[in-house]
Number of protein chains: 2
Amino acid sequence: MSRSTLTPISYLVLGWTSFEPATSYELKRLSADSVGYFWEFPHSQLYAEPARLTKLGLLEEKRELTGRRRRIYSITEEGRQALGDWLREPTSEEPQIRDIGLLKLFFQDALEDGNVVALAQAQEQAHRKKLSFYEELDSTIPHEAGFGRATLQAGLIFERAFAEFWSEIAAHPPTAFIRSDRRARDKTRKRVAHE
Amino acid sequence: MSRSTLTPISYLVLGWTSFEPATSYELKRLSADSVGYFWEFPHSQLYAEPARLTKLGLLEEKRELTGRRRRIYSITEEGRQALGDWLREPTSEEPQIRDIGLLKLFFQDALEDGNVVALAQAQEQAHRKKLSFYEELDSTIPHEAGFGRATLQAGLIFERAFAEFWSEIAAHPPTAFIRSDRRARDKTRKRVAHE
DNA sequence: CCTATCATGTAATCCGTTACATGATTAT
DNA sequence: ATAATCATGTAACGGATTACATGATAGG
(Lines give C-alpha, C1' and ligand atoms only; values in the text may rest on other atoms or scores of the structure.)
Protein backbone atom coordinates (compact mmCIF):
# COMPACT_ATOMS: atom_id res chain seq x y z
CA MET A 1 0.00 0.00 0.00
CA SER A 2 2.42 2.61 1.26
CA ARG A 3 4.66 2.69 -1.75
CA SER A 4 2.03 3.76 -4.24
CA THR A 5 3.23 7.15 -5.37
CA LEU A 6 1.02 9.73 -6.95
CA THR A 7 1.25 9.99 -10.71
CA PRO A 8 0.27 12.84 -13.01
CA ILE A 9 -3.19 11.31 -13.34
CA SER A 10 -3.54 11.42 -9.58
CA TYR A 11 -2.92 15.15 -9.58
CA LEU A 12 -5.22 15.62 -12.52
CA VAL A 13 -8.02 14.04 -10.53
CA LEU A 14 -7.12 15.89 -7.36
CA GLY A 15 -6.94 19.11 -9.31
CA TRP A 16 -10.41 18.81 -10.78
CA THR A 17 -12.03 17.62 -7.60
CA SER A 18 -10.42 20.49 -5.74
CA PHE A 19 -12.70 22.81 -7.71
CA GLU A 20 -15.79 20.76 -7.05
CA PRO A 21 -16.89 17.15 -6.62
CA ALA A 22 -17.09 15.21 -9.83
CA THR A 23 -17.94 11.87 -11.36
CA SER A 24 -15.48 9.99 -13.52
CA TYR A 25 -17.37 10.99 -16.59
CA GLU A 26 -17.15 14.62 -15.65
CA LEU A 27 -13.42 14.26 -15.09
CA LYS A 28 -13.20 12.83 -18.54
CA ARG A 29 -15.14 15.69 -20.13
CA LEU A 30 -13.28 18.37 -18.27
CA SER A 31 -9.91 16.88 -19.12
CA ALA A 32 -10.65 16.11 -22.74
CA ASP A 33 -11.63 19.72 -23.07
CA SER A 34 -8.52 21.33 -21.64
CA VAL A 35 -5.35 19.54 -20.62
CA GLY A 36 -6.39 16.74 -22.92
CA TYR A 37 -5.49 18.97 -25.84
CA PHE A 38 -1.84 18.36 -25.18
CA TRP A 39 -1.82 15.38 -22.84
CA GLU A 40 -4.43 12.69 -23.26
CA PHE A 41 -5.59 10.58 -20.37
CA PRO A 42 -7.55 7.43 -21.25
CA HIS A 43 -11.03 7.45 -19.78
CA SER A 44 -10.60 4.08 -18.11
CA GLN A 45 -7.91 5.65 -15.98
CA LEU A 46 -10.34 8.29 -14.85
CA TYR A 47 -12.54 5.52 -13.54
CA ALA A 48 -9.70 3.57 -11.95
CA GLU A 49 -7.73 6.42 -10.45
CA PRO A 50 -10.41 7.96 -8.19
CA ALA A 51 -10.98 4.53 -6.68
CA ARG A 52 -7.28 4.32 -5.91
CA LEU A 53 -7.22 7.81 -4.44
CA THR A 54 -10.22 6.95 -2.31
CA LYS A 55 -8.35 4.00 -0.86
CA LEU A 56 -5.48 6.33 -0.07
CA GLY A 57 -7.84 8.67 1.76
CA LEU A 58 -7.33 11.55 -0.65
CA LEU A 59 -10.85 11.39 -2.05
CA GLU A 60 -14.23 10.46 -0.69
CA GLU A 61 -16.83 8.59 -2.64
CA LYS A 62 -20.56 9.13 -2.45
CA ARG A 63 -23.10 7.38 -4.53
CA GLU A 64 -26.36 8.37 -6.07
CA LEU A 65 -29.27 6.47 -4.58
CA THR A 66 -31.32 6.23 -7.73
CA GLY A 67 -30.95 6.12 -11.49
CA ARG A 68 -27.41 5.61 -12.61
CA ARG A 69 -26.08 5.42 -9.07
CA ARG A 70 -23.01 7.31 -10.17
CA ARG A 71 -20.01 7.59 -7.91
CA ILE A 72 -19.29 11.16 -7.00
CA TYR A 73 -15.86 11.97 -5.69
CA SER A 74 -14.89 14.84 -3.47
CA ILE A 75 -11.49 15.79 -2.24
CA THR A 76 -10.53 15.30 1.41
CA GLU A 77 -8.32 17.53 3.48
CA GLU A 78 -5.40 15.15 2.96
CA GLY A 79 -6.11 15.26 -0.74
CA ARG A 80 -6.11 19.01 -0.79
CA GLN A 81 -2.87 18.97 1.14
CA ALA A 82 -1.20 16.56 -1.27
CA LEU A 83 -2.34 18.60 -4.23
CA GLY A 84 -1.17 21.85 -2.67
CA ASP A 85 2.24 20.42 -1.85
CA TRP A 86 2.66 19.29 -5.40
CA LEU A 87 1.43 22.54 -6.91
CA ARG A 88 3.67 24.64 -4.73
CA GLU A 89 6.80 22.69 -5.56
CA PRO A 90 8.37 24.11 -8.72
CA THR A 91 9.68 21.50 -11.10
CA SER A 92 12.59 21.52 -13.49
CA GLU A 93 11.43 18.37 -15.15
CA GLU A 94 11.60 18.56 -18.90
CA PRO A 95 8.53 17.67 -20.94
CA GLN A 96 8.36 14.51 -22.94
CA ILE A 97 7.33 15.15 -26.50
CA ARG A 98 5.90 11.91 -27.75
CA ASP A 99 5.70 12.75 -31.38
CA ILE A 100 5.32 9.97 -33.90
CA GLY A 101 5.91 12.42 -36.71
CA LEU A 102 9.28 13.45 -35.33
CA LEU A 103 10.21 9.82 -34.76
CA LYS A 104 9.40 9.01 -38.36
CA LEU A 105 11.38 11.97 -39.51
CA PHE A 106 14.35 10.92 -37.46
CA PHE A 107 14.51 7.49 -39.01
CA GLN A 108 13.99 8.58 -42.60
CA ASP A 109 17.71 7.99 -42.99
CA ALA A 110 16.77 4.34 -43.21
CA LEU A 111 15.00 4.82 -46.52
CA GLU A 112 16.38 5.61 -49.94
CA ASP A 113 12.92 6.10 -51.36
CA GLY A 114 11.18 7.92 -48.56
CA ASN A 115 8.69 10.70 -49.01
CA VAL A 116 9.50 13.28 -46.39
CA VAL A 117 7.47 15.93 -48.09
CA ALA A 118 4.26 13.95 -47.66
CA LEU A 119 5.04 13.42 -44.00
CA ALA A 120 5.85 17.06 -43.48
CA GLN A 121 2.69 18.19 -45.21
CA ALA A 122 0.48 15.87 -43.21
CA GLN A 123 2.09 17.13 -40.03
CA GLU A 124 1.89 20.75 -40.99
CA GLN A 125 -1.76 20.40 -41.79
CA ALA A 126 -2.50 18.68 -38.50
CA HIS A 127 -0.70 21.40 -36.56
CA ARG A 128 -2.44 24.17 -38.47
CA LYS A 129 -5.78 22.59 -37.81
CA LYS A 130 -5.14 22.45 -34.12
CA LEU A 131 -3.76 25.95 -34.23
CA SER A 132 -6.94 27.40 -35.66
CA PHE A 133 -8.94 25.45 -33.14
CA TYR A 134 -6.89 27.04 -30.38
CA GLU A 135 -7.24 30.47 -31.93
CA GLU A 136 -10.99 30.07 -32.05
CA LEU A 137 -10.98 28.97 -28.42
CA ASP A 138 -8.75 31.83 -27.45
CA SER A 139 -11.10 34.35 -28.98
CA THR A 140 -14.14 32.99 -27.19
CA ILE A 141 -13.04 32.40 -23.63
CA PRO A 142 -13.16 35.27 -21.17
CA HIS A 143 -10.01 37.23 -20.65
CA GLU A 144 -9.86 36.54 -16.96
CA ALA A 145 -9.96 32.79 -17.37
CA GLY A 146 -7.06 32.23 -15.02
CA PHE A 147 -4.34 29.71 -15.62
CA GLY A 148 -6.32 27.73 -18.11
CA ARG A 149 -5.82 30.62 -20.45
CA ALA A 150 -2.10 30.67 -19.81
CA THR A 151 -1.90 27.01 -20.69
CA LEU A 152 -3.75 27.71 -23.88
CA GLN A 153 -1.09 30.26 -24.78
CA ALA A 154 1.49 27.50 -24.52
CA GLY A 155 -0.59 25.45 -26.89
CA LEU A 156 -0.79 28.29 -29.38
CA ILE A 157 2.93 28.82 -29.25
CA PHE A 158 3.64 25.16 -29.67
CA GLU A 159 1.34 24.65 -32.63
CA ARG A 160 2.61 27.73 -34.38
CA ALA A 161 6.22 26.69 -33.92
CA PHE A 162 5.64 23.18 -35.17
CA ALA A 163 3.48 24.16 -38.12
CA GLU A 164 6.33 26.45 -39.06
CA PHE A 165 8.90 23.71 -38.55
CA TRP A 166 7.11 21.20 -40.74
CA SER A 167 6.42 23.73 -43.41
CA GLU A 168 10.12 24.42 -43.53
CA ILE A 169 10.87 20.71 -43.82
CA ALA A 170 8.37 20.39 -46.65
CA ALA A 171 9.92 23.31 -48.46
CA HIS A 172 13.53 22.20 -47.97
CA PRO A 173 13.55 18.48 -47.28
CA PRO A 174 16.88 17.28 -45.89
CA THR A 175 18.58 14.40 -47.59
CA ALA A 176 19.38 11.09 -46.03
CA PHE A 177 22.64 10.42 -44.34
CA ILE A 178 24.15 7.10 -45.33
CA ARG A 179 25.62 5.34 -42.36
CA SER A 180 28.32 2.72 -42.73
CA ASP A 181 30.62 2.88 -39.85
CA ARG A 182 30.71 -0.33 -37.97
CA ARG A 183 34.47 -0.42 -37.66
CA ALA A 184 34.81 1.38 -34.38
CA ARG A 185 32.31 -0.75 -32.58
CA ASP A 186 33.45 -4.04 -33.99
CA LYS A 187 36.81 -3.68 -32.36
CA THR A 188 35.23 -4.04 -28.97
CA ARG A 189 33.15 -7.04 -29.98
CA LYS A 190 34.07 -10.57 -29.13
CA ARG A 191 33.69 -13.35 -31.62
CA VAL A 192 30.09 -14.02 -32.49
CA ALA A 193 28.13 -17.07 -33.51
CA HIS A 194 24.61 -18.07 -34.26
CA GLU A 195 22.07 -18.75 -31.51
CA MET B 1 0.36 -13.95 -30.18
CA SER B 2 -1.09 -12.49 -33.35
CA ARG B 3 -2.54 -9.40 -31.79
CA SER B 4 0.73 -7.91 -30.60
CA THR B 5 0.96 -4.63 -32.43
CA LEU B 6 4.12 -2.68 -32.94
CA THR B 7 4.58 0.29 -30.64
CA PRO B 8 6.83 3.31 -30.99
CA ILE B 9 9.55 1.43 -29.13
CA SER B 10 9.32 -1.34 -31.69
CA TYR B 11 10.07 1.11 -34.46
CA LEU B 12 12.81 2.72 -32.46
CA VAL B 13 14.55 -0.64 -32.23
CA LEU B 14 13.85 -1.50 -35.84
CA GLY B 15 15.12 1.91 -36.87
CA TRP B 16 18.44 1.56 -35.11
CA THR B 17 19.04 -2.01 -36.15
CA SER B 18 18.28 -1.06 -39.73
CA PHE B 19 21.50 0.96 -39.70
CA GLU B 20 23.54 -1.82 -38.16
CA PRO B 21 23.22 -4.69 -35.69
CA ALA B 22 23.22 -3.61 -32.09
CA THR B 23 23.05 -4.82 -28.51
CA SER B 24 20.47 -3.53 -26.09
CA TYR B 25 23.03 -1.38 -24.45
CA GLU B 26 23.97 0.20 -27.72
CA LEU B 27 20.31 0.89 -28.44
CA LYS B 28 20.16 2.60 -25.11
CA ARG B 29 23.19 4.77 -25.77
CA LEU B 30 22.12 5.69 -29.27
CA SER B 31 18.62 6.58 -28.15
CA ALA B 32 19.60 8.47 -25.04
CA ASP B 33 21.82 10.53 -27.25
CA SER B 34 19.29 11.55 -29.86
CA VAL B 35 15.57 10.86 -29.78
CA GLY B 36 15.91 10.47 -26.05
CA TYR B 37 16.31 14.22 -25.83
CA PHE B 38 12.62 14.67 -26.40
CA TRP B 39 11.20 11.19 -25.84
CA GLU B 40 12.72 8.97 -23.21
CA PHE B 41 12.59 5.22 -23.43
CA PRO B 42 13.43 3.27 -20.27
CA HIS B 43 16.41 1.02 -20.75
CA SER B 44 14.59 -2.07 -19.55
CA GLN B 45 12.33 -1.73 -22.56
CA LEU B 46 15.34 -1.80 -24.80
CA TYR B 47 16.19 -5.18 -23.34
CA ALA B 48 12.65 -6.51 -23.48
CA GLU B 49 11.59 -5.19 -26.85
CA PRO B 50 14.24 -6.82 -29.06
CA ALA B 51 13.32 -10.17 -27.53
CA ARG B 52 9.73 -9.55 -28.49
CA LEU B 53 10.66 -8.50 -32.00
CA THR B 54 12.79 -11.59 -32.36
CA LYS B 55 9.81 -13.76 -31.50
CA LEU B 56 7.86 -11.92 -34.17
CA GLY B 57 10.57 -12.65 -36.72
CA LEU B 58 11.49 -9.01 -37.22
CA LEU B 59 14.90 -9.34 -35.61
CA GLU B 60 17.51 -12.06 -35.32
CA GLU B 61 19.57 -12.67 -32.24
CA LYS B 62 23.18 -13.77 -32.16
CA ARG B 63 25.22 -14.20 -29.06
CA GLU B 64 28.83 -13.64 -28.19
CA LEU B 65 30.63 -16.87 -27.40
CA THR B 66 32.91 -15.45 -24.75
CA GLY B 67 33.04 -12.70 -22.15
CA ARG B 68 29.74 -11.02 -21.56
CA ARG B 69 27.92 -13.16 -24.09
CA ARG B 70 25.93 -10.19 -25.20
CA ARG B 71 22.91 -10.58 -27.43
CA ILE B 72 23.37 -8.83 -30.74
CA TYR B 73 20.30 -8.11 -32.77
CA SER B 74 20.08 -7.64 -36.50
CA ILE B 75 17.05 -6.77 -38.54
CA THR B 76 15.45 -9.34 -40.83
CA GLU B 77 13.85 -8.72 -44.18
CA GLU B 78 10.41 -8.76 -42.57
CA GLY B 79 11.67 -6.29 -40.04
CA ARG B 80 12.99 -3.99 -42.68
CA GLN B 81 9.70 -4.28 -44.48
CA ALA B 82 7.67 -3.42 -41.38
CA LEU B 83 9.90 -0.45 -40.67
CA GLY B 84 9.71 0.77 -44.24
CA ASP B 85 5.93 0.52 -44.31
CA TRP B 86 5.72 2.54 -41.15
CA LEU B 87 8.21 5.15 -42.28
CA ARG B 88 6.53 5.62 -45.61
CA GLU B 89 3.09 6.13 -44.14
CA PRO B 90 2.64 9.82 -43.27
CA THR B 91 0.88 10.42 -40.00
CA SER B 92 -1.43 13.19 -38.86
CA GLU B 93 -1.19 12.08 -35.28
CA GLU B 94 -0.70 14.95 -32.90
CA PRO B 95 2.16 14.83 -30.40
CA GLN B 96 1.51 14.30 -26.74
CA ILE B 97 3.23 16.89 -24.63
CA ARG B 98 3.63 15.35 -21.24
CA ASP B 99 4.70 18.40 -19.36
CA ILE B 100 4.47 18.39 -15.60
CA GLY B 101 5.21 22.10 -15.54
CA LEU B 102 2.23 22.90 -17.74
CA LEU B 103 0.04 20.63 -15.67
CA LYS B 104 1.06 22.45 -12.53
CA LEU B 105 0.44 25.75 -14.19
CA PHE B 106 -2.99 24.66 -15.30
CA PHE B 107 -4.10 23.79 -11.78
CA GLN B 108 -2.67 26.83 -10.07
CA ASP B 109 -6.25 28.08 -9.95
CA ALA B 110 -6.63 25.70 -7.03
CA LEU B 111 -4.29 27.77 -4.84
CA GLU B 112 -4.75 31.16 -3.32
CA ASP B 113 -1.15 31.27 -2.17
CA GLY B 114 0.62 29.76 -5.12
CA ASN B 115 3.97 30.88 -6.42
CA VAL B 116 3.70 30.82 -10.17
CA VAL B 117 6.78 32.92 -10.62
CA ALA B 118 8.98 30.31 -8.97
CA LEU B 119 7.51 27.64 -11.19
CA ALA B 120 7.94 29.73 -14.30
CA GLN B 121 11.53 30.55 -13.44
CA ALA B 122 12.45 26.95 -12.78
CA GLN B 123 10.91 25.96 -16.08
CA GLU B 124 12.49 28.77 -18.01
CA GLN B 125 15.87 27.86 -16.65
CA ALA B 126 15.44 24.20 -17.52
CA HIS B 127 14.44 25.07 -21.06
CA ARG B 128 17.30 27.51 -21.50
CA LYS B 129 19.74 24.91 -20.28
CA LYS B 130 18.51 22.39 -22.78
CA LEU B 131 18.48 25.06 -25.43
CA SER B 132 22.16 25.84 -25.00
CA PHE B 133 22.91 22.16 -24.99
CA TYR B 134 21.15 21.84 -28.33
CA GLU B 135 22.91 24.89 -29.69
CA GLU B 136 26.24 23.43 -28.74
CA LEU B 137 25.30 20.17 -30.40
CA ASP B 138 24.06 21.97 -33.47
CA SER B 139 27.35 23.77 -33.88
CA THR B 140 29.42 20.60 -33.64
CA ILE B 141 27.63 18.07 -35.80
CA PRO B 142 28.35 18.00 -39.52
CA HIS B 143 26.01 19.89 -41.75
CA GLU B 144 25.08 16.87 -43.80
CA ALA B 145 23.97 14.88 -40.80
CA GLY B 146 20.71 13.86 -42.43
CA PHE B 147 17.42 13.71 -40.64
CA GLY B 148 18.95 13.63 -37.23
CA ARG B 149 19.86 17.22 -37.79
CA ALA B 150 16.34 18.09 -38.85
CA THR B 151 15.01 16.60 -35.66
CA LEU B 152 17.46 18.66 -33.70
CA GLN B 153 16.02 21.77 -35.35
CA ALA B 154 12.64 20.83 -33.94
CA GLY B 155 14.22 20.57 -30.54
CA LEU B 156 15.79 24.00 -30.86
CA ILE B 157 12.53 25.54 -31.92
CA PHE B 158 10.65 23.89 -29.11
CA GLU B 159 13.06 24.91 -26.38
CA ARG B 160 13.24 28.46 -27.62
CA ALA B 161 9.47 28.76 -27.74
CA PHE B 162 8.97 27.35 -24.28
CA ALA B 163 11.77 29.31 -22.66
CA GLU B 164 10.08 32.35 -24.12
CA PHE B 165 6.68 31.24 -22.89
CA TRP B 166 7.78 30.68 -19.31
CA SER B 167 9.73 33.89 -19.21
CA GLU B 168 6.56 35.67 -20.21
CA ILE B 169 4.63 33.91 -17.46
CA ALA B 170 7.26 34.88 -14.92
CA ALA B 171 7.12 38.49 -16.05
CA HIS B 172 3.34 38.73 -16.14
CA PRO B 173 1.91 36.00 -13.93
CA PRO B 174 -1.80 35.44 -14.55
CA THR B 175 -4.12 35.52 -11.60
CA ALA B 176 -6.24 32.68 -10.39
CA PHE B 177 -9.76 32.19 -11.55
CA ILE B 178 -12.14 31.44 -8.72
CA ARG B 179 -14.56 28.75 -9.68
CA SER B 180 -17.91 28.38 -7.98
CA ASP B 181 -20.47 27.25 -10.38
CA ARG B 182 -22.00 24.02 -9.35
CA ARG B 183 -25.56 25.06 -10.07
CA ALA B 184 -25.80 23.87 -13.61
CA ARG B 185 -24.48 20.45 -12.87
CA ASP B 186 -26.43 19.90 -9.71
CA LYS B 187 -29.67 20.10 -11.62
CA THR B 188 -28.88 16.87 -13.37
CA ARG B 189 -27.83 15.09 -10.20
CA LYS B 190 -29.99 12.65 -8.33
CA ARG B 191 -30.20 12.61 -4.58
CA VAL B 192 -26.96 11.58 -2.96
CA ALA B 193 -26.02 9.82 0.23
CA HIS B 194 -23.02 8.48 2.01
CA GLU B 195 -21.36 5.19 1.05
C1' DC C 1 44.38 -3.92 -5.40
C1' DC C 2 40.34 -1.43 -4.49
C1' DT C 3 36.67 1.35 -5.91
C1' DA C 4 33.73 3.46 -9.09
C1' DT C 5 31.39 3.30 -12.98
C1' DC C 6 29.99 0.87 -17.07
C1' DA C 7 27.41 -2.71 -18.99
C1' DT C 8 23.81 -6.17 -18.95
C1' DG C 9 20.37 -7.96 -17.53
C1' DT C 10 15.80 -9.83 -14.38
C1' DA C 11 11.67 -9.23 -11.37
C1' DA C 12 7.66 -7.31 -9.69
C1' DT C 13 4.27 -4.32 -10.03
C1' DC C 14 1.49 -0.97 -11.80
C1' DC C 15 -0.19 1.79 -15.37
C1' DG C 16 -2.33 2.22 -19.84
C1' DT C 17 -4.81 0.54 -23.63
C1' DT C 18 -8.29 -1.83 -25.95
C1' DA C 19 -12.27 -4.08 -25.98
C1' DC C 20 -16.54 -5.19 -24.27
C1' DA C 21 -21.02 -4.27 -22.20
C1' DT C 22 -25.11 -2.05 -21.04
C1' DG C 23 -28.38 1.41 -19.19
C1' DA C 24 -30.05 6.36 -20.04
C1' DT C 25 -31.21 10.19 -23.06
C1' DT C 26 -32.13 12.57 -27.07
C1' DA C 27 -33.31 13.03 -31.80
C1' DT C 28 -36.06 11.64 -35.73
C1' DA D 1 -40.91 3.61 -31.38
C1' DT D 2 -36.47 3.17 -32.92
C1' DA D 3 -31.93 4.40 -33.57
C1' DA D 4 -28.20 6.89 -32.26
C1' DT D 5 -25.35 8.68 -29.07
C1' DC D 6 -24.31 9.73 -24.31
C1' DA D 7 -22.92 8.04 -19.97
C1' DT D 8 -20.83 4.67 -16.93
C1' DG D 9 -18.60 1.37 -16.05
C1' DT D 10 -15.55 -3.67 -16.02
C1' DA D 11 -12.09 -7.05 -17.74
C1' DA D 12 -7.97 -8.63 -19.56
C1' DC D 13 -3.69 -8.14 -21.13
C1' DG D 14 0.55 -6.36 -22.20
C1' DG D 15 3.62 -2.64 -22.04
C1' DA D 16 6.12 0.68 -19.07
C1' DT D 17 8.44 1.97 -14.90
C1' DT D 18 11.10 1.16 -10.92
C1' DA D 19 14.07 -1.59 -8.31
C1' DC D 20 17.23 -4.81 -7.73
C1' DA D 21 21.33 -7.39 -8.87
C1' DT D 22 25.73 -8.53 -10.52
C1' DG D 23 29.71 -9.21 -13.68
C1' DA D 24 33.29 -6.46 -16.41
C1' DT D 25 36.52 -2.68 -16.97
C1' DA D 26 39.12 1.29 -15.96
C1' DG D 27 41.22 4.64 -12.96
C1' DG D 28 43.65 5.75 -8.88
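Order of the sequence lines fixes the chain letters, A, B, ..., with proteins taken first and strands second; residue numbering starts at 1 for each chain.
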Between side-chain atoms of residues 97-104 of chain A and protein atoms elsewhere (two or more places apart, or another chain), which donor-acceptor pairs fall under 3.5 Å?
residue	atom	partner	partner atom	Å
A/Asp99	OD1	A/Gly101	N	2.8
A/Asp99	OD1	A/Leu102	N	3.1
A/Lys104	NZ	B/Trp86	O	2.9
A/Lys104	NZ	B/Glu89	O	2.5

Identify every side-chain donor-acceptor pair in residues 149-162 of chain B under 3.5 Å, counting partners at least two apart or on other chains, and give the distances.
residue	atom	partner	partner atom	Å
B/Arg149	NH1	B/Ile141	O	3.4
B/Arg149	NH1	B/Pro142	O	3.1
B/Arg149	NH2	B/Asp138	O	3.4
B/Arg149	NH2	B/Asp138	OD1	3.2
B/Thr151	OG1	B/Phe147	O	2.9
B/Gln153	NE2	B/Asp138	OD1	3.2
B/Glu159	OE1	B/His127	ND1	2.6

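Between D/dA7, D/dT18, C/dT17, one nucleotide has an atom nearer to the side chain of B/Pro42 than all others, and that is D/dT18. Closest to the B/Tyr25 side chain, of the nucleotides D/dG15, C/dG16, C/dA7, is C/dA7.
With rounding to whole Å, A/Gln45 atom CD is found 12 Å from D/dA16 atom C1'. In this entry the distance linking CD of A/Glu61 with P of D/dG9 reads 9 Å, nearest Å. Atom pair B/Phe41:CZ and D/dT18:P shows a separation of 15 Å (rounding to whole Å applied). Remark: C1' of C/dC6 and CG of B/Leu27 are 17 Å apart, rounded to the nearest angstrom. Protein atom CZ of B/Arg52 is 8 Å distant from nucleotide atom P of D/dA16, rounded to whole Å. Taking atom CG of residue A/Asp33 and atom P of nucleotide D/dC6, one finds them 13 Å apart after rounding to whole Å. Atom CD in A/Glu40 sits roughly 9 Å away from atom P in C/dT17 (whole-Å rounding).
Between B/Arg29 and B/Arg98, the one whose closest nucleotide on DNA chain C sits nearer the 5' end is B/Arg29.
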Every protein N/O within reach of nucleotides 3-5 of chain C N/O, cut-off under 3.5 Å:
none

Short N/O separations, protein against nucleotides 10-12 of chain D, under 3.5 angstrom:
residue	atom	partner	partner atom	Å
D/dT10	OP1	A/Arg71	NH2	3.4

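Residues passing the side-chain hydrogen bond (donor to acceptor under 3.5 Å, both in side chains) test with A/Arg29, sequence neighbours excluded: A/Tyr25. Residues forming a side-chain hydrogen bond (donor to acceptor under 3.5 Å, both in side chains) with B/Tyr11 (at least two apart in sequence, or on another chain): none. With sequence neighbours excluded, the residues that form a side chain to side chain contact (heavy atoms under 4.5 Å, CB included) with A/Thr76 are A/Glu60, A/Glu78. For A/Asn115, there are no side-chain hydrogen bond (donor to acceptor under 3.5 Å, both in side chains) partners two or more places apart in sequence or in a different chain. A search for salt bridge (Lys or Arg N to Asp or Glu O under 4.0 Å) contacts involving A/Asp85 returns nothing, not counting sequence neighbours. Applying the side chain to side chain contact (heavy atoms under 4.5 Å, CB included) criterion to A/Thr140, with sequence neighbours excluded, gives A/Glu136, A/Leu137.
Residue pairs meeting the side chain to side chain donor-acceptor pair (under 3.5 Å) criterion with at least one member in residues 32-42 of chain B, sequence neighbours excluded, are B/Asp33-B/Tyr37.
When the C1' atoms of four end pairs are superposed on the next four at each end of the helix from C/dC1-D/dG28 to C/dT28-D/dA1, using five pairs per end, the two resulting axes differ in direction by 30°, to 10°.
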